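Before I ask anything, here is the structure I am working with.
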Amino acid sequence: MAPRRREHSAHAVELVEVAELDDDFDATWGLPPGGRTATGGGGAPPTTGPDRGRTGRSSPRRGGRGGTDTPGVASGTLAQSAQSAQSAQSAPTESSEPSAPDASALPSRARRVPARALVVAAVAVAVAGTGASFVVGGLSDRHRAGLVATQPGGLWSVAPDPDVVWRAPTDGGWPAAVEGQVVLEADGALQGLDVATGEPLWSASLPEGTSVCGPDLLDPGSVGSPLVCVTEVDPAPAGEAPGTGDGPVDASEPSTSRSTFVVTVLDPAGQVVGTRALAGATDAATPLADGLVATARRDGDRAVVSWEEALDGTLVRTRVLHAAGYPVDAVGSTTREDDRDAGTIELRGLRGLLHVRAPDLRETFDASGEYATGYARPRSVPGGWAAGGPLPGDLRVRAALDARTGQVEEVRVLDADGSERYVLPGEPFVPAVTDGTVPHVLVVRSPGFTGYDALSGRRLWHREEWPEMIWLQTDDVLVVESGSRLIAIETRTGRDLWRRWLSSEVHRAFTDGDSLLLTSTITGRRDDPDVGASELVSLNLFDGGLEWRDVLDPTYREVVSAQGQLFAVTDTEVVRIG
């Protein structure tokens with residue numbers, strides 16, 4: 001399916017004001033005529049470099065894909081630059097240089113030789129300058145693309161007609177990952193696949209039992225982390241040592257009362273670096289990034305959660321959680337039906353967060369073991385500037401809570417020495433996706449939402465809307481969802497760049513730095529309103545123009561990004577889309 005582009009003449013740019021492109025957007029969220037469902041076999045694998053084998057694509061920052069004219073820009077510096085260019089083209093060409101002496105009086109050879117030398121010199125300088133600018137520009141674009149691809153939700157450039165690059169069975173589990181690899185586990189066998197091509201790289205075996213490996217595919221900490229697997233070995237029958245198989249059973253000997261956990265650490269080549277058994281009191285365990293494993297045990301009405309080094313068991317951090325009381329009914333009895341069920345506890349690591357779950361408690365922690373509160377944990381990714389993310393000048397943030405409501409009432413920005421630099425009134429508004437640049441504008445809401453200079457705390461702009469979500473923030477563009485609309489705002493001025501109506505719910509956003517990719521659900525198709533589907537849409541980040549859209553396979557349970565690649569996960573397999 002070829003992407004749709006809208007071309008405008010240069011003079012049309014200044015005619016486009018801040019407007020909602022309703023007619024264009026209606027076509028975006030319907031089933032495209034002759035639309036293709038991405039279920040086919042994989043296309044040719046891309047190269048492993050940042051360009052992914054894609055050629056001839058100019059940056060849409062100053063022009064459309066493939067070097068076409070940029071569609072109309074609504075407002076801001078982009079429109080001004082277009083108008084300036086138009087003025088430059090229409091300006092008179094009279095020179096203010098003093099006129100040269102009449103060359104007709106000179107011999108013809110004397111006239112031609114200097115001119116030829118000047119032409120040759122000018123061409124040489126132009127070629128050298130152009131070549132140098134191409135090299136510098138290419139390195140800059142490649143560095144920027146690589147930075148974007150390392151962010152949660154960041155991607156290398158995706159083809160306008162995305163197709164299945166490779167697929168592999170998951171046996172119903174969730175894939176793990178290490179740098180450059182997707183790791184799958186089934187029946188105690190591990191397999192490492194190249195993240196871009198799906199080529200098998202190695203295989204390994206784990207102890208017999210139920211295994212979970214990590215970090216998981218969506219954990220931002222998977223880059224640079226070793227592979228850690230935790231295997232739960234079922235208790236052996238009475239009279240039989242664990243792992244001995246069908247040995248003699250003596251009923252007079254007590255049986256093992258709990259499972260044991262074995263930790264296995266592997267290097268990127270699939271070689272086992274070390275193994276160890278966890279303490280016998282462990283009730284649950286799960287792998288984390290950075291070579292850590294989380295463990296939990298019950299201690300009466302408390303739960304003790306620990307972060308340990310996977311290889312040697314060195315204790316990194318411990319949290320003691322107090323269980324909530326059980327609700328009591330009208331006659332004074334509790335709803336607790338089974339003491340044994342109340343004592344169970346589960347741990348799960350996903351997207352860089354550790355979830356602790358039991359019938360009587362629920363907590364979530366970030367990668368460092370801090371409580372992942374609501375303001376610091378947007379819908380799609382943990383972290384952000386409000387949760388210790390990078391800020392210019394080594395600044396850091398501390399949120400002040402209202403003692404009555406428990407809500408964030410102000411944001412205190414501190415210098416590296418802990419002294420308070422300034423205070424922002426309201427709740428941190430953290431974007432789901434960024435391009436990896438350090439934010440120079442902090443967005444806070446209450447009421448409406450406001451942009452502040454990160455270094456000085458000076459108010460840059462304020463808007464009265466109350467958006468539900470910041471999908472994307474870069475140094476140039478802020479994209480928010482408000483009242484069933486997407487609104488793109490110039491980050492440093494707060495001015496509108498473009499607006500689009502949303503006819504369906506957006507589930508997740510991605511970016512390659514120049515485009516905004518959205519997954520959404522089509523509630524009905526034009527040819528069959530009773531049939532629903534999911535769609536992947538690419539919009540130009542700087543003017544909102546539709547670049548391409550694709551209807552997805554209905555078996556795709558979730559579309560995610562990992563290590564700069566786009567993946568779909570089904571109940572039985574993982575699929576790379578590119």
Side-chain angles (χ1 to χ4, degrees), residues 152-153 170-179 181-186 190 192 195 206 209-232 259 261-266 268 275-276 278-279 282-297 303-311 313-319 321 344-358 361-374 376-384 387-388 557-558 560-563 567 569 574:
T170 59
D171 198 33
W174 188 263
V178 292
E179 187 169 2
Q181 300 177 25
V182 176
V183 180
L184 306 177
E185 187 273 333
L190 284 180
V195 71
L206 294 174
T210 303
S211 298
V212 177
C213 297
D216 75 273
L217 179 66
L218 303 183
D219 194 329
S222 62
V223 176
S225 294
L227 181 65
V228 179
C229 296
V230 175
T231 304
E232 183 177 2
S259 302
F261 295 89
V262 177
V263 177
T264 306
V265 181
L266 300 94
T275 63
R276 71 180 181 94
L278 298 180
T282 302
D283 291 311
T286 195
L288 301 174
D290 298 324
L292 299 179
V293 62
T295 66
R297 61 180 176 86
V304 181
V305 181
S306 300
W307 285 255
E308 306 175 4
E309 294 285 351
L311 268 178
T314 301
L315 187 63
V316 175
R317 188 164 197 170
T318 297
R319 290 284 192 183
L321 309 180
T344 60
I345 188 169
E346 295 180 356
L347 296 178
R348 187 185 182 195
L350 186 62
R351 292 187 174 94
L353 298 174
L354 175 64
H355 302 276
V356 184
R357 298 292 184 262
L361 61 86
R362 297 172 64 88
E363 286 292 353
T364 300
F365 298 94
D366 65 16
S368 65
E370 295 293 337
Y371 288 92
T373 54
R377 182 163 46 88
R379 279 173 19 188
S380 58
V381 293
R557 188 179 65 192
E558 194 169 8
V560 297
S561 68
Q563 300 188 45
F567 290 93
V569 181
V574 59

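Owing to the predicted nature of the structure, the values given are computational and were not obtained by experimental measurement.
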| query | With A176, which residues qualify under side-chain contact (heavy atoms from CB on, under 4.5 Å), at least two apart? | reply |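 For A176, the residues satisfying side-chain contact (heavy atoms from CB on, under 4.5 Å) (neighbours in sequence not counted) are V183, C213, L227.
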| task | Could you list the residues that satisfy side-chain contact (heavy atoms from CB on, under 4.5 Å) with T275, not counting sequence neighbours? | result |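 Expected list: T264, V272.
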| query | What residues, two or more places apart in sequence or in another chain, satisfy side-chain contact (heavy atoms from CB on, under 4.5 Å) together with E558? | reply |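 For E558, the residues satisfying side-chain contact (heavy atoms from CB on, under 4.5 Å) (neighbours in sequence not counted) are W174, R351, R508, V560.
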| query | Quick one: side chain to side chain donor-acceptor pair (under 3.5 Å) partners of T170, sequence neighbours excluded? | reply |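 Partners of T170 by the side chain to side chain donor-acceptor pair (under 3.5 Å) criterion come out as none, since no residue qualifies.
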| message | Show, in sequence, the C-alpha distance, side-chain angles and deciding distance for L354 and V305, and conclude whether the side-chain contact (heavy atoms from CB on, under 4.5 Å) test is met. | response | CA-CA 10 Å; L354 175 64; V305 181; 4.1 Å; yes
| request: Apply side chain to side chain donor-acceptor pair (under 3.5 Å) to T210 and list each qualifying residue two or more places apart in sequence or on a separate chain. | output: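 For T210 there are no side chain to side chain donor-acceptor pair (under 3.5 Å) partners, ignoring immediate neighbours.
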| field | salt bridge (Lys or Arg N to Asp or Glu O under 4.0 Å) partners for R319, two or more places apart | value |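 For R319, the residues satisfying salt bridge (Lys or Arg N to Asp or Glu O under 4.0 Å) (neighbours in sequence not counted) are E370.
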| field | Minimum heavy-atom distance between A284 and L347, given as atom pair plus value | value |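 Nearest heavy atoms, A284 then L347: O-CD1, 3.8 Å.
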| field | Side-chain (S211) to main-chain (T231) donor-acceptor, under 3.5 angstrom | value |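 Checked: no pair found.
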| message | Ignoring hydrogens, what is the shortest heavy-atom contact between A279 and T282? Give both atom names and the distance. | response |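 So the two residues come closest at O-OG1, 2.9 Å.
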| query | Which distance, rounded to the nearest 0.5 Å, do you find between the CG of L353 and the CG of L218? | reply |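 If I round to the nearest 0.5 Å, the distance is 11.0 Å.
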| request: Using salt bridge (Lys or Arg N to Asp or Glu O under 4.0 Å) as the criterion, list what pairs up with R557, not counting sequence neighbours. | output: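 Checked R557 against salt bridge (Lys or Arg N to Asp or Glu O under 4.0 Å); matches are D571.
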| request: Mind checking ring pair (Phe, Tyr, Trp, His ring centres under 6.0 Å) for W307 and listing every partner two or more places apart, or none if nothing turns up? | output: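 With neighbours one apart ignored, the set is F365.
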| query | Hey, does V263 have a side-chain heavy atom less than 4.5 Å from the side chain of L278? | reply |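 Yes, at least one pair of side-chain atoms sits under 4.5 Å.
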| After noting the C-alpha distance and the side-chain angles of T286 and V230, does the key distance pass the side-chain contact (heavy atoms from CB on, under 4.5 Å) rule? | CA-CA 6 Å; T286 195; V230 175; 5.8 Å; no
| said: Rounded to the nearest 0.5 Å, what separates atom CD in E346 from atom CZ in R357? | reply: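 Spacing of CD (E346) from CZ (R357) equals 10.0 Å.
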| request: May I ask you to test the R297-V304 pair for a side-chain heavy-atom distance under 4.5 Å? | output: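 SC-SC contact between R297 and V304 confirmed.
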| task | Mind listing the closest non-hydrogen atom pair of E185 and D171 along with its distance? | result |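 In terms of heavy atoms, the two residues are closest at O-CB, 4.3 Å.
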| task | Using the test side-chain contact (heavy atoms from CB on, under 4.5 Å), find all partners of P226 that sit at least two apart in sequence or belong to another chain. | result |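 Residues passing side-chain contact (heavy atoms from CB on, under 4.5 Å) with P226: V265.
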| Given side chains that start at C-beta, do those of P268 and Q181 come closer than 4.5 Å, heavy atoms only? |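 They are in side-chain contact.
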| said: As an exercise, state the distance from OG of S222 to CG of L288, rounded to the nearest 0.5 Å. | reply: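 The OG atom of S222 sits 13.0 Å away from the CG atom of L288.
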| For E232, which residues count as a side chain to side chain donor-acceptor pair (under 3.5 Å) partner, sequence neighbours excluded? |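 With sequence neighbours excluded, E232 shows a side chain to side chain donor-acceptor pair (under 3.5 Å) to S259, given in chain and number order.
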| message | If you apply the rule side-chain contact (heavy atoms from CB on, under 4.5 Å), what do you find for L190 with L184, and how did you get there? | response | CA-CA 6 Å; L190 284 180; L184 306 177; over 6 Å; no
| With no hydrogens and no angle check, is any side-chain donor or acceptor of Q563 less than 3.5 Å from a backbone partner on V178? |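 Looks like yes, one N/O pair under 3.5 Å.
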| task | For residues A303 and L361, report the shortest heavy-atom separation together with the two atoms involved. | result |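 Minimum heavy-atom separation between A303 and L361: CB-CD2, 3.8 Å.
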| What's the shortest heavy-atom distance between G214 and P287, and which atoms? |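 Shortest heavy-atom contact: N-CG, 3.4 Å.
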| In chain order, what residues pass the side chain to side chain donor-acceptor pair (under 3.5 Å) check against R362, with sequence neighbours excluded? |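 Scan of R362 (side chain to side chain donor-acceptor pair (under 3.5 Å), adjacent residues dropped) gives none.
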| Yes or no on side-chain contact (heavy atoms from CB on, under 4.5 Å) for L292 and V228, after CA distance, side-chain angles and deciding distance? | CA-CA 8 Å; L292 299 179; V228 179; over 6 Å; no
| Nearest heavy-atom pair of A562 and L217: which atoms, and what distance? |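 Residues A562 and L217, closest heavy atoms: CB-O, 3.2 Å.
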